Amino acid sequence: MERFGATAWAGLDQRYASNVQRAVPKRQRDHMAGRSCAHAALARIGRDVPHLGILPSGAPDWPEGVRGTITHCSEYVACAVSERSQTEWLGIDAEPAEPIPAEVAQIVAHGHEHEWISRAPLNGRILFCAKEAVFKAWYPVRQTSLDFADALLEFNAEDQTFNARILLDGSLNLRGRWDVSDGIIATIVAQAEPS
């Protein structure tokens, strides 16, 4: 489920206003729009729920047996959900299709990733966005955080896919895709089992 432009912020779910009452207005809007999108996505898989709890991390407390992930940026909000029996590893991220500052790219990139980000101005932002999707897929399964240096990504520009090797677990590879359109970079990791 995704929403663009003005529709991204239409119909903010006021049930979640109390979750972010002390946050700045942009954070309040993003939170409520993400939860609204989550309810629409859950309804599509037959899991309409009256309310999503909130975990200490700030992430939604998805219904039992469901994996879910939310992202928002600029004029874009999206949510992906799936039954865990079909998708154990699920993460999405979206970023504005703009280059990131060189100093940020140097923090995000490691090893051969430096060569990838040197090829095109947007590659640093694509790398950042892809790692965020990997992190969002990793955390609900392993309940630990990853640092930028903990995942090494390889990109295939022809089919817009990437492979993430998790260095904390040398046998774990997560696959993902990316797309750039309408001024937004979107990335997704979705698979039943790691390869």
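Here the structure is a predicted model, which is why all the values come from computation and not from measurement. Residue numbers start at 1 and run along the sequence shown.
A donor-acceptor pair is defined here as one N or O able to donate and one able to accept, closer than 3.5 Å; such a pair exists between the side chain of Gln143 and the backbone of Pro140. Side-chain atoms of His112 come within 3.5 Å of backbone atoms of Leu153 as a donor-acceptor pair (strictly under, hydrogens ignored). Under a 3.5 Å cut-off, the side chain of Asn123 and the backbone N or O of Trp116 do form a donor-acceptor pair. The main-chain N or O of Ala23 is found under 3.5 Å from a side-chain atom of Gln28 such that the two form a donor-acceptor pair. Remark: the backbone N or O of His51 is not paired with any side-chain donor or acceptor of Arg35 at under 3.5 angstrom. Distance alone, capped at 3.5 Å, is enough to place a donor-acceptor pair between the Arg177 side chain and the Asp159 backbone. Counting only distance, with no hydrogens or angles, the side chain of Glu88 and the backbone of Val141 share no donor-acceptor pair below 3.5 Å.
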Practice problem: Go through the steps to decide whether His72 and Cys37 satisfy the test side chain to side chain contact (heavy atoms under 4.5 Å, CB included), and finish with yes or no. | Solution: CA-CA 10 Å; His72 37 71; Cys37 205; over 6 Å; no
Practice problem: Could you check Val81 against Arg47 for side chain to side chain contact (heavy atoms under 4.5 Å, CB included), going step by step and ending with a plain yes or no? | Solution: CA-CA 10 Å; Val81 296; Arg47 292 294 208 105; over 6 Å; no
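Residues Val134 and Phe162 have side chains in contact (heavy-atom distance under 4.5 Å, counting atoms from C-beta outward). Taking 4.5 Å as the limit, some side-chain heavy atom of Trp62 sits within range of a side-chain heavy atom of Leu42. Taking the side chain as every heavy atom from C-beta outward, Arg175 and Trp89 never approach each other to under 4.5 Å. Considering only heavy atoms from C-beta on, Glu83 comes within 4.5 Å of Val66 through its side chain.
The shortest heavy-atom contact between Pro60 and Leu52 is CB-CD1, 4.3 Å. Closest approach of Ser82 and Thr87 over heavy atoms only: OG-OG1, 2.9 Å.
By the neighbour-count criterion of 12 heavy atoms within 6.0 Å, atom CZ of Arg165 is sparsely surrounded, having that number or fewer from other residues, nucleotides or ligands.
No path of Ile, Leu, Val, Met, Phe, Trp and Tyr side chains, each step under 4.5 Å between heavy atoms, connects Ile70 with Met1, placing them in separate hydrophobic clusters. Note on Ile54 and Met32: separate hydrophobic clusters, where clusters join Ile, Leu, Val, Met, Phe, Trp and Tyr whose side-chain heavy atoms are under 4.5 Å apart, directly or indirectly. Leu152 and Tyr139 sit in two unconnected hydrophobic clusters of ILVMFWY residues. Membership requires side-chain heavy atoms under 4.5 Å apart, directly or through other members. In terms of hydrophobic clustering, with Ile, Leu, Val, Met, Phe, Trp and Tyr side chains grouped at heavy-atom distances under 4.5 Å, Ile184 and Ile188 are assigned to different clusters.
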Using a 3.5 Å cut-off and no angle test, enumerate the donor-acceptor pairs between side-chain atoms of residues 90-107 and protein atoms at least two apart in sequence or in another chain.
{"unit_1": "Asp93", "atom_1": "OD1", "unit_2": "Thr71", "atom_2": "OG1", "d": "3.3"}
{"unit_1": "Asp93", "atom_1": "OD1", "unit_2": "Lys136", "atom_2": "NZ", "d": "3.4"}
{"unit_1": "Glu95", "atom_1": "OE1", "unit_2": "Arg125", "atom_2": "NH1", "d": "3.3"}
{"unit_1": "Gln106", "atom_1": "OE1", "unit_2": "His114", "atom_2": "ND1", "d": "3.3"}

